[in-house]
Amino acid sequence: MMPAMQVVQALAAQAVAGGRRYRIAVSPSVLTPELLATLSRGEGFWGEAQLFLADTLFEGCCATPASTRARFAALGLRPGQLHADVADHCDPVRAAAAYEQQLRAVFALGPQGVPRFDAVVLRPGALAELPDDSARLAVATWSAARRRRYVTLTPAVIQNAVLILGG
């Protein structure tokens with residue numbers, strides 16, 4: 001059996017070979033230096049990749065936290081490849097609505113469409129905290145374990161991914 005990160009790399013290689021962008025949603029907390037090194041080993045992996053957040057802590061009235069931005073900066077992504085500023089609103093519900101609009105635009109989705117990520121890499125416990133909201137793509141929710149609000153993708157989006165790791 002192939003290790004999970006090798007599967008992620010194989011999917012990326014297939015996407016690049018097929019002439020399309022590789023779209024991955026990641027919980028920022030799983031972006032360890034080891035994972036980033038593994039992901040960046042694939043030939044052309046980040047050249048056409050689109051990186052989204054699977055969930056992010058809501059800091060309120062600020063852009064994506066500096067620690068998360070620093071993790072992404074190590075990847076050397078060009079503008080337009082990183083879709084991370086979901087918490088640029090003072091209200092988490094508005095942040096989730098803005099993120100949903102961004103997902104619909106990037107994936108060219110209609111009102112009922114659901115994005116299809118090549119991979120979703122989640123932090124431990126993320127799946128158990130997801131609210132059951134099939135009408136939305138992204139929502140604001142509360143994590144009792146983390147004692148924080150955060151913006152997250154909904155189960156419909158995560159379950160539509162080609163590959164789901166963690167959770």
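The first residue of the sequence shown is numbered 1, and numbering continues consecutively from there.
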Subject >> Side-chain (Arg104) to main-chain (Gly113) donor-acceptor, under 3.5 angstrom >> reply: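 Present.
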**OP:** Say whether, by atom type as modelled, one donor and one acceptor occur between the side chain of Arg23 and the main chain of Arg116 under 3.5 angstrom.
**Re:**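 Checking the backbone N and O of Arg116 against the side chain of Arg23, no donor-acceptor pair under 3.5 Å is found.
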Contact summary for [X] and [Y], nearest pair of heavy atoms:
{"X": "Leu130", "Y": "Pro155", "answer": "CB-CG, 3.9 Å"}
{"X": "Ser27", "Y": "Ala54", "answer": "N-CB, 3.7 Å"}
{"X": "Ala140", "Y": "Ala96", "answer": "N-CB, 3.6 Å"}

What is the distance from atom [atom1] of [X] to atom [atom2] of [Y], rounded to the nearest 0.5 Å?
{"X": "Ile24", "Y": "Asp118", "atom1": "CD1", "atom2": "CG", "value": "8.5 Å"}
{"X": "Leu109", "Y": "Glu100", "atom1": "CG", "atom2": "CD", "value": "9.5 Å"}
{"X": "Ile158", "Y": "Phe117", "atom1": "CD1", "atom2": "CZ", "value": "9.0 Å"}

Do the side chains of [Y] and [X] get nearer than 4.5 Å, heavy atoms only?
{"X": "Ile164", "Y": "Leu122", "answer": "yes"}
{"X": "Phe52", "Y": "Leu153", "answer": "no"}
{"X": "Leu53", "Y": "Tyr150", "answer": "no"}
{"X": "Thr152", "Y": "Val139", "answer": "yes"}

